[in-house]
Number of protein chains: 2
Amino acid sequence: MSHYTEHAISILKAQGYRITRPRKLVLELLDTAPTALSAYEIKDALDAAGEKVDTVSVYRILECFDQQGLIHRVLSSGKVKKCLLDDESHCQRQQTEHCHHLLICQQCQGIEEVHCAGVDALVQTLQSQLSFQIKAHHLEFTGLCQRCQTEESEGKD
Amino acid sequence: MSHYTEHAISILKAQGYRITRPRKLVLELLDTAPTALSAYEIKDALDAAGEKVDTVSVYRILECFDQQGLIHRVLSSGKVKKCLLDDESHCQRQQTEHCHHLLICQQCQGIEEVHCAGVDALVQTLQSQLSFQIKAHHLEFTGLCQRCQTEESEGKD
DNA sequence: TTCACTGCAAACCTTTTGCAATTCT
DNA sequence: AGAATTGCAAAAGGTTTGCAGTGAA
């Protein structure tokens, strides 16, 4: 069992959630998914793997995972991706603000998570200039991942 | 007719679009709307004003406006808001990147647009550290607008 | 007059709700 | 055993598609 799945399970247990078969299946799928997935895509992927999980359950499971900070929700698509769980800082981040800086490849839909240091300073500066009280921010970059850049410059077919 | 509506119409005309009654109605509604609106909300608002416009048409109109950079799409809700049309820079912005920094009040759902200077520098710095090629970014802040802050500290009912 | 655009009907996809059956602990 | 969770059925909500009719240029 991967670190992600293992850690997610320990968080769920600590919060009093039950570790059910569908929850484990979704965790394992999210762990290996290279891109973000919608509830439907998760259902289909599990079906394809011969595992029957109802779509409604997927929705409810994702809601639970979201609340526990185990997944990201990509704003631009509504799909979800596993959140890199950083043992020490996970709980604090969850309380103040979830890590929300995503690189989304417009070609292959792959998603990388970045911890972009300057953002906090930027938010503070901006906050000092505004009467609006900032509580959270969401930052998403779209563009081309390394692989798709090289493919674009090579394969002109 | 407001500056926004006027300017939007001139852009549409320049692109060869027809200035129809439904398009004008949607423009005028967006111009005065204090918050972002969904296609359904636009339809309902027009109905309430005694103007019949089909929901399907609203969808198609918004798609057109979006392509022409006349509106913002709020990622976190999918709703749309008029984009401040800045005469000189509108065309360039549209080509490179649309202004996408929004302050969203979680209480009243009001939306303000900010031109947050530091972001461009931040993006450049980030770009220099990544192999990912950034083409656009979306930045949304959630929190409390000035009005809702004071209401929260006063009215404890 | 002509073609873009709208309105209507219907289909489609996504998400939510209620309740009985299941299954973790 | 007991409560949380799932699966099923059904409804509700949002968005898209095709086509005939309308109206802006």
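Proteins come first, then strands; the chains are lettered A, B, ... in the order of their sequence lines, and each starts at number 1.
- Annotation: side chain of A/Thr35 is not in contact with side chain of A/Lys81 (no heavy-atom distance under 4.5 Å).
- Residue A/Ser10 comes nearest to A/His7 through the heavy atom pair OG-O, 2.8 Å, listed as atom of the first residue, atom of the second, then distance.
- DNA chain C is contacted by no residue of residues 26-41 of chain B, taking any non-hydrogen atom closer than 4.0 Å.
- Counted within 6.0 Å of CD on B/Gln127, heavy atoms from surrounding residues, nucleotides or ligands total more than 12; the atom is thus considered enclosed.
- In this structure, the NZ atom of B/Lys43 is 12 Å from the C1' atom of C/dT6, given to the nearest Å.
- Annotation: side chain of B/Leu25 is not in contact with side chain of B/Leu29 (no heavy-atom distance under 4.5 Å).
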Taking protein heavy atoms under 4.0 Å as touching, what does nucleotides 17-25 of chain C look like 5' to 3' if B marks base contact, S marks sugar-phosphate-only contact and - marks none?
BB----BBS
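- Looking at heavy atoms from C-beta onward, B/Glu151 lies out of side-chain contact with B/Gln149 at the 4.5 angstrom threshold.
- Atom CD in B/Gln15 sits about 17 Å away from atom C1' in C/dC5, given to the nearest Å.
- By the neighbour-count criterion of 12 heavy atoms within 6.0 Å, atom CD of B/Glu63 is sparsely surrounded, having that number or fewer from other residues, nucleotides or ligands.
- Atom C1' of nucleotide C/dT6 and atom CZ of B/Phe65 are separated by 14 Å, given to the nearest angstrom.
- For an aromatic pair to be called close, the ring centres must be under 6.0 Å apart, and B/His138 with B/His72 fails this.
- Considering only heavy atoms from C-beta on, A/Lys24 comes within 4.5 Å of A/Ile19 through its side chain.
- Side-chain atoms of B/Val74 and B/Val80, non-hydrogen and from C-beta on, never get closer than 4.5 Å to each other.
- Side chain to side chain, A/Ser2 and A/Thr5 meet the donor-acceptor criterion of an N or O pair below 3.5 Å.
- Here C/dT6 presents its P atom at 11 Å from CG of B/Leu25, a figure rounded to the nearest Å.
- If you measure from atom OH of A/Tyr59 to atom P of C/dC13, you get 13 Å, rounded to the nearest angstrom.
- Summarising the geometry, the separation between CG on B/Leu12 and P on C/dA4 is reported as 16 Å, rounded to the nearest angstrom.
- Between B/Lys52 atom NZ and D/dG23 atom C1' there is a gap of 19 Å when expressed in whole angstrom units.
- If you measure from atom CG of B/Asp54 to atom C1' of D/dT15, you get 12 Å, rounded to the nearest angstrom.
- Between A/Phe132 and B/Leu144 there is no side-chain heavy-atom pair separated by less than 4.5 Å.
- Overall bending of the helix from C/dT1-D/dA25 to C/dT25-D/dA1, expressed as the angle between end axes built from five pairs apiece, is 40° (10° steps).
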